[in-house]
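In what follows, every chain begins at residue 1, and chains take the letters A, B, ... in the order their sequences are listed. Atom set for the values below is all heavy atoms of this structure, side chains included, hydrogens, waters and symmetry mates excluded.
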There are 2 protein chains.
Amino acid sequence: MAHSLATAPTCSNCPIRHRALCARCDDDELEDLNRIKFYRTYKAGQTIAMRGDALDVVASVVSGTATLERGIEDGRTQMVGLLLPSDFIGRPGRTTLQYDVTAVSELTLCCFARKPFEALLIQIPHLQERLLEMALDELDAARDWMLLLGRKTAREKIASLLMLMAKRTMNPDGEAMGTTSRLELPISRETMANFLGLTIETVSRQFTGLRKDGVIGLDGNRVVLIPDLQDLLVESGDDGDGGPLI
Amino acid sequence: MAHSLATAPTCSNCPIRHRALCARCDDDELEDLNRIKFYRTYKAGQTIAMRGDALDVVASVVSGTATLERGIEDGRTQMVGLLLPSDFIGRPGRTTLQYDVTAVSELTLCCFARKPFEALLIQIPHLQERLLEMALDELDAARDWMLLLGRKTAREKIASLLMLMAKRTMNPDGEAMGTTSRLELPISRETMANFLGLTIETVSRQFTGLRKDGVIGLDGNRVVLIPDLQDLLVESGDDGDGGPLI
DNA sequence: GTGCCCTGTTGATCTGTGTCAAAGCAGGCC
DNA sequence: GGCCTGCTTTGACACAGATCAACAGGGCAC
């Protein structure tokens with residue numbers, strides 16, 4: 001289950017430092033965190049936790065992708081969050097989970113038992129502060145997603161998703177506008193549909209449509225070639241201000 | 001603009017204590033907050049702030065209702081938050097606003113300049129903690145709303161909205177199931193449409209439909225009579241677990 | 001190779017909701 | 001009263017996306 005200690009990634013190599021929980025911790029504080037942390041890995045498709053489960057662990061994503069989903073009894077579900085490396089799961093002060101959490105790729109979590117973690121929060125005030133910042137970023141992202149779900153067309157939804165993936169995947173300073181970008185999608189059509197409030201058929205048709213219109217190219221069904229990001233901006237209705245999306 | 005000091009409400013009489021920012025403050029801490037607070041009032045329909053405005057004030061809603069909206073350039077807008085008494089606006093550490101904030105009824109805010117407020121946050125750790133809890137509640141609410149926007153039908157959306165209003169308006173322990181409840185809506189058809197990702201015509205038709213099917217009664221267009229809340233639960237696809245909705 | 005499973009694509013059709021347009025209704029003001 | 005103006009309702013129609021169904025392709029076991 002857990003990595004061996006020798007190969008285990010450490011908090012100090014969180015892949016995207018500025019978003020990470022411990023972004024502002026000094027060495028002593030990192031040491032405090034290291035003392036109580038442990039790792040868990042999951043296979044693609046594996047359920048991490050279900051709605052209503054006791055929440056006695058909080059965690060940071062070290063590598064891989066996971067999803068948060070909310071469902072109705074009749075089987076309809078809506079993805080409400082996409083967890084990428086450095087994102088945080090769980091919440092101090094809450095004892096049960098509100099969502100289904102699933103690994104969509106091989107996933108490694110850096111976990112902390114809730115009780116000692118809460119104790120550390122009191123001891124290290126700027127950890128609490130950082131957690132608040134991250135929660136507010138997530139809130140902004142959720143609200144942007146509400147705009148997408150409530151008001152955008154299927155094509156705009158797809159375009160927005162591609163923009164989001166591009167932003168989180170590619171070097172922000174590289175890839176000048178007008179250069180063809182190669183974008184590898186980490187999720188299936190079904191996951192996308194779930195994310196966008198669409199059906200898989202509609203997602204598939206939109207990809208075909210965008211390809212026929214020359215806005216994107218497809219290489220297999222997990223790789224998208226984007227000749228001009230600007231075109232996608234038009235399709236997506238995104239004003240490109242770079243606000244947090246997830 | 002501001003209330004006279006004599007009639008000004010104080011933080012200690014926040015109408016819904018358990019959700020309020022200062023819910024766990026002692027007298028000394030309340031005094032610290034009181035020293036830097038001031039009040040602002042707005043008329044129904046008045047714009048409080050626009051997206052991109054500098055955010056040098058944070059505030060708690062004392063009375064009335066406000067909305068948060070996110071829009072695309074072509075005029076489409078989606079409401080992303082409903083602010084009721086005791087809800088909090090603004091965020092420490094962020095300098096510009098992400099949304100349009102509008103008063104939909106006569107509104108009173110209890111404001112704090114951002115700088116001194118941030119200083120207080122450091123001085124009073126459990127204020128920070130409370131802020132985190134509130135942000136996480138908002139996040140849960142936003143995510144429930146994503147399920148509604150992405151997967152529910154127009155009728156279910158209306159029913160969910162009525163359930164939400166009922167929960168926030170009515171005495172939670174009163175009104176046994178099976179008793180007719182009288183629910184006064186604080187928002188117009190347009191605001192509802194904006195909230196639900198629908199058009200005003202669809203909202204209107206759904207109200208008519210629910211009335212014709214005997215699920216609700218209408219008394220004017222701002223008052224809804226609900227013979228049996230259980231019926232609404234069925235319509236809304238809400239499992240009624242009482243999780244935070246906004 | 002064959003058969004099976006899983007994911008994705010494409011087609012035909014249906015339907016819920018948006019769009020456009022007109023009319024009803026209440027409140028305010030002259 | 002009459003005439004606004006703003007909000008709501010209702011109708012006719014169009015269309016985006018859902019639904020149902022068939023098929024294609026790749027990976028894998030055998």
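Within a 6.0 Å radius of CD in Gln46(B), other residues, nucleotides and ligands contribute more than 12 heavy atoms.
In this structure, Arg143(B) does not pair ionically with Glu69(A), as no charged nitrogen and carboxylate oxygen lie closer than 4.0 Å. Using a cut-off of 4.0 Å between Lys/Arg side-chain N and Asp/Glu carboxylate O, Asp74(B) and Arg151(A) are scored as not salt-bridged. Between Arg70(A) and Asp100(A) there is no salt bridge, since no side-chain nitrogen of the basic residue lies less than 4.0 Å from a carboxylate oxygen of the acidic one.
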If the sugar-phosphate is the primed atoms plus P, OP1 and OP2 and the base is the rest, what is the B/S/- string for nucleotides 5-15 of chain D, using protein heavy atoms under 4.0 Å? ---SBBBB---
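Going from atom CG of Asn194(A) over to atom P of dA18(D) covers 12 Å, rounded to whole Å.
Note that the first and last nucleotides of DNA chain C, 5' to 3', having any atom under 4.0 angstrom from a heavy atom of chain A are dG8(C) to dA12(C).
Among the heavy atoms of the strands lying under 4.0 Å from Gly197(A) are primed sugar atoms or P, OP1, OP2 only; no base atom is included.
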Quick one: which protein N/O atoms are closer than 3.5 Å to N/O atoms of nucleotides 22-27 of chain D? Pair and distance per line, please.
none

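With rounding to the nearest 0.5 angstrom, the CZ atom of Arg91(A) is 8.5 Å from the CG atom of Leu55(A). Note that CE of Met192(A) is 10.0 Å distant from CE of Met79(A), once rounded to the nearest 0.5 Å. Rounding to the nearest 0.5 angstrom, the gap separating the CG atom in Leu21(A) from the OG atom in Ser86(A) is 9.5 Å. Rounding to the nearest 0.5 Å gives a distance of 12.0 Å between CG of Leu183(B) and CG of Asp219(B).
Neither side chain, Asp87(B) nor Ser60(B), offers a donor N or O lying under 3.5 Å from an acceptor on the other. For the residue pair Thr96(A) and Asp53(A), no side-chain donor N or O sits within less than 3.5 Å of a side-chain acceptor on the partner.
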